[in-house]
Amino acid sequence: MRLSRLPLNTLKEVPADAEVISHQLMLRAGLIRKLASGLYSWLPLGLRVLQKIERVVREEMNRAGAFELLMPSVQPAELWQESERWNQYGPELLRFKDRHQRDFCYGPTHEEVITDIARRELKSYKQLPVNYYQIQTKFRDEIRPRYGVMRAREFIMKDAYSFHLDQESLDAGYQAMFEAYSIIFTRLGLRFRTVQADSGAIGGNASQEFHVLADCGEDTIVFSDGDDYAANLEMAEALPPPAGKKKPGADMQLVDTPAVRSIAELCSFLNTDPGHCIKTLLVDAEDGGLVALVLRGDHELNVFKAEKIPGVREPLTMATADKVRENIGCEPGFIGPFDLPCPIHADHSAAALVDFVCGANETDKHRVNVNWGRDVPDCVSADLRNVIDGDPSPTGKGTLSIARGIEVGHIFKLGDKYSSMMNAQVLDADGKNRAMLMGCYGIGITRIAAAAIEQNHDQRGIIWPPAMAPFDVALIPINQHKSDRVRDAADQLYAELDAMGLQVLVDDRNARPGVKFADMDLIGIPHRVVVAEKGLDAGTFEYKNRRDDEPRHLSIDELKDLLGSSQTGT
RNA sequence: CGGGGCAUAGCGCAGCUUGGUAGCGCGUCUGCUUUGGGAGCAGAAGGUCGGGGGUUCGAAUCCCUCUGCCCCGACCA
């Protein structure tokens, strides 16, 4: 490809509304342009990246035995009413009517459509298992789109759906996808972790996410240094502290703490630390009353875990200040586990404290040297909090670390949720109708491009992993417009590399060398070859990998060997 | 949804307080010079100042309104 013909505009300045590095670089390198909030056009250079990602995904999905199909992005409401998701899904589902006033939505996912296909096409257990996949545009009307294509409203996703007669087959199909995903993300050159996840709104039971580790990631993931345990923060189990309580010390005292509401204020006022305080959170109960949740001052409530506590209303709702005053008789901020008119659940760590500080259930007062059993009744303890860095791993091996991750893949065992509701059955070997079991498996194609940049960039620009680079080789002739030798040598080298199957971008613009170097560095092509008079005199080409600091001077054979051996495979 | 901010040339910004008919840098185009890390000189094109309404002799500037975009928050106990 000749750069002089490629419609590419690079930017020196960073567009004002790009916050994270991948968004900035994608705009500067001319990969994408914003059309509206959460909607992006992919320009020719950017589309090449997407196509490289798609190629790897297709190859591995096909290798795993899945079959590609293509479903409409626009879907009729009837299917969503059948699965009851027309009502369950919130405003994230983009709904609209056609000219006949019939309801449709722009598909955020395709469980309904594929289940409809399956119930029409699959009649016999002999046709199972089968795995269909597509690479399709989706739309989710996100509350707050951000970070460019990382959290866009319209995005491209590879989604796959497998159908099985029994659990054993589903387990095997799920495992095959797990392995295919690991190969895909490895081939794409991403540093990733798989984590146990909540299966959330889509339904079903087992579920794992694939996260690319990056500081700007929107998900918090937890992993152990002792084994391969990894989980979403919401799923990570906090172990009770080791048994062996210390004996209570001094007697409980009431202290004045005027206008001291937060744990931080309390600690500086009383000169103590959050680990010796407890906070008592009141949340709404299912029966309209309250439930008290007690945590250590340095811990955070885990909403997901709290919603599992019997009696707690879902979704978890904090009691209003008015409700606190009415039921407890004090301002929020001064609540303690004394004589509360509701059930009390303490986190394991809070339940293990001795001589702690807590609210007195009187405005502007706290109590110190409080002890369970002695000053307040013992209560049931449970795992209610988010794990923190340094907690022991729930597997008993190693300690936990917390990192940010970008979710690029997610696999689920859906079971019969959709097939039952939508009547997707096959005849089994006994001639009986059975609901098929389903798995579903997603990969965020567009998000991968951004995630890769978050992991692979420097001050000069993007450093594409070879498998998703828009071109393999950047060929830079120096002063070609006034040196026939340089131009001819570049043309010939271009032809030879092209014949080897390499995708070469030659910068044939009449530009100064600095401009060419800067642009090629910005757009992140893995290999750079410079053709100049100096090198031709010496019989060499100048080669530099995008990650190298200094170039090397190679003969044509050395160059071809090096580039040939680096090819990512076809 | 709640809170805050922004909207002036393709991009980044100034001008607004104190009203007088729009400017800087980058980019783009032309010419000459230059050519190993985002060149220099000279010239040029490009703007409904987000939309609508109002105040005024006169509005980018003041007022009202609409729209778009960005950021923060949704665990204070």
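Proteins get letters first, then strands, A, B, ... in listed order; numbering begins at 1 in each.
Among the atoms of the strands shown, none is found under 4.0 Å from any heavy atom of A:R509. Note on A:A532: a base of the nucleic acid sits closer than 4.0 angstrom, heavy atoms only. If you check every strand for non-hydrogen atoms under 4.0 Å, A:E19 touches sugar and phosphate atoms only. In this structure, A:V324 reaches the bases: a heavy-atom distance under 4.0 Å links it to at least one base atom across the strands shown. Among the protein residues, A:N479 comes within range of the nucleic acid bases, having at least one heavy atom under 4.0 Å from a base atom. Nucleic acid contact for A:R460: base, since at least one base atom lies under 4.0 Å from a heavy atom of the residue. The residue A:A319 sits close to a base: some heavy atom pair falls under 4.0 Å.
A 3.5 Å limit on both hydrogen-bonding distances identifies B:rC24 as the Watson-Crick or G-U partner of B:rG12. Base pairing analysis places B:rC32 opposite B:rG40; the two distances defining the Watson-Crick or G-U wobble pair are each below 3.5 Å. Across all strands shown, nothing is found opposite B:rA59 as a Watson-Crick or G-U wobble partner with both distances under 3.5 Å. When both distances must be under 3.5 Å, the Watson-Crick or G-U wobble mate of B:rG68 is B:rC6. Pairing for B:rU17 is absent, with no Watson-Crick or G-U wobble pair whose two atom distances lie under 3.5 Å. Summarising the base pairing, B:rA74 is matched to no nucleotide, lacking a Watson-Crick or G-U wobble pair whose two defining distances lie under 3.5 Å.
A:F356 and A:W372 have tilted rings, their planes meeting at an angle from 30° to 60° on a 0 to 90° scale.
Atom P of nucleotide B:rC13 and atom NZ of A:K12 are separated by 17 Å, given to the nearest angstrom. Taking atom CG of residue A:D507 and atom P of nucleotide B:rG38, one finds them 15 Å apart after rounding to whole Å. Separating the CG atom of A:N510 from the P atom of B:rU33 is a distance of 13 Å, rounded to the nearest angstrom. The CD1 atom of A:I263 sits 12 Å away from the C1' atom of B:rC75 (whole-angstrom rounding). Residue A:R151 contributes atom CZ, which lies 14 Å from atom P of B:rC70 at whole-angstrom precision. When the C1' atom of B:rU33 is taken as reference, atom CZ of A:R512 falls 11 Å away, rounded to whole Å. Rounded to whole Å, atom C1' of B:rG36 lies 15 Å from atom CD of A:Q480. Between A:I143 atom CD1 and B:rC71 atom P the separation is 14 Å, expressed in whole Å.
Phosphate contact (OP1/OP2 of B:rC70, side-chain N/O of A:S37, threshold under 4.0 Å): present. Note on A:R146: every side-chain N or O is 4.0 Å or more away from OP1 and OP2 of B:rC70. Residue A:K516 has no polar side-chain atom (N or O) positioned under 4.0 Å from OP1 or OP2 of B:rG38. Contact annotation: A:R144 reaches the phosphate of B:rC72 (side-chain N/O to OP1 or OP2, under 4.0 Å). In this structure, A:K482 does not reach the B:rU34 phosphate: none of its side-chain N or O atoms is under 4.0 Å from OP1 or OP2.
Nucleotides B:rG50 and B:rU33, compared at atom C1', are 43 Å apart to the nearest Å. Between B:rC49 and B:rA22, the two P atoms lie 11 Å apart (nearest whole Å). Using C1' as the reference atom, B:rA9 and B:rC26 are 12 Å apart when rounded to the nearest Å. B:rC75 and B:rA59 are spaced 49 Å apart, taking the C1' atom of each and rounding to whole Å. Between B:rA60 and B:rU55, the two P atoms lie 16 Å apart (nearest whole Å). Comparing the same atom, C1', in B:rC13 and in B:rA7 gives a spacing of 13 Å after rounding to whole Å. When the C1' atom is used for both B:rC1 and B:rA74, the distance is 9 Å, rounded to whole Å. Comparing the P positions of B:rU28 and B:rG73 gives an interatomic distance of 39 Å, to the nearest angstrom.
A:F541 has its ring centre no less than 6.0 Å from the ring centre of A:H553. For A:Y40 and A:H23, the gap between ring centers is short of 6.0 Å.
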- prompt: Checking salt bridge (charged side-chain N to carboxylate O under 4.0 Å, His left out) for the pair A:R296/A:D273: CA distance, chi angles, key distance, verdict?
  reply: CA-CA 10 Å; A:R296 223 167 69 184; A:D273 65 273; over 6 Å; no
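With hydrogens and angles ignored, no donor-acceptor pair under 3.5 angstrom links the side chain of A:R28 to the base of B:rG12. Under 3.5 Å, the side chain of A:D519 and the base of B:rG38 form at least one donor-acceptor pair of N or O atoms. On a pure distance criterion of 3.5 Å, a polar donor-acceptor pair joins the side chain of A:E13 and the base of B:rG25. Within 3.5 Å, no donor on the side chain of A:N9 pairs with an acceptor on the base of B:rG27, nor the reverse.
Cation-pi check for A:R95 over A:W80 is not met; the charged atom does not lie both under 6.0 angstrom from the ring centroid and within 45 degrees of its normal. At least one test fails for A:R447 against the ring of A:F155: distance under 6.0 Å to the centre or angle within 45° of the axis.
Remark: A:L559 CG to A:I556 CD1 distance equals 5.5 Å, nearest 0.5 Å.
Side chains of A:P108 and A:E92 form no contact here, defined as non-hydrogen atoms less than 4.5 Å apart.
Of all nucleotides listed (B:rC75, B:rA77, B:rG38), B:rG38 comes nearest to the side chain of A:L522.
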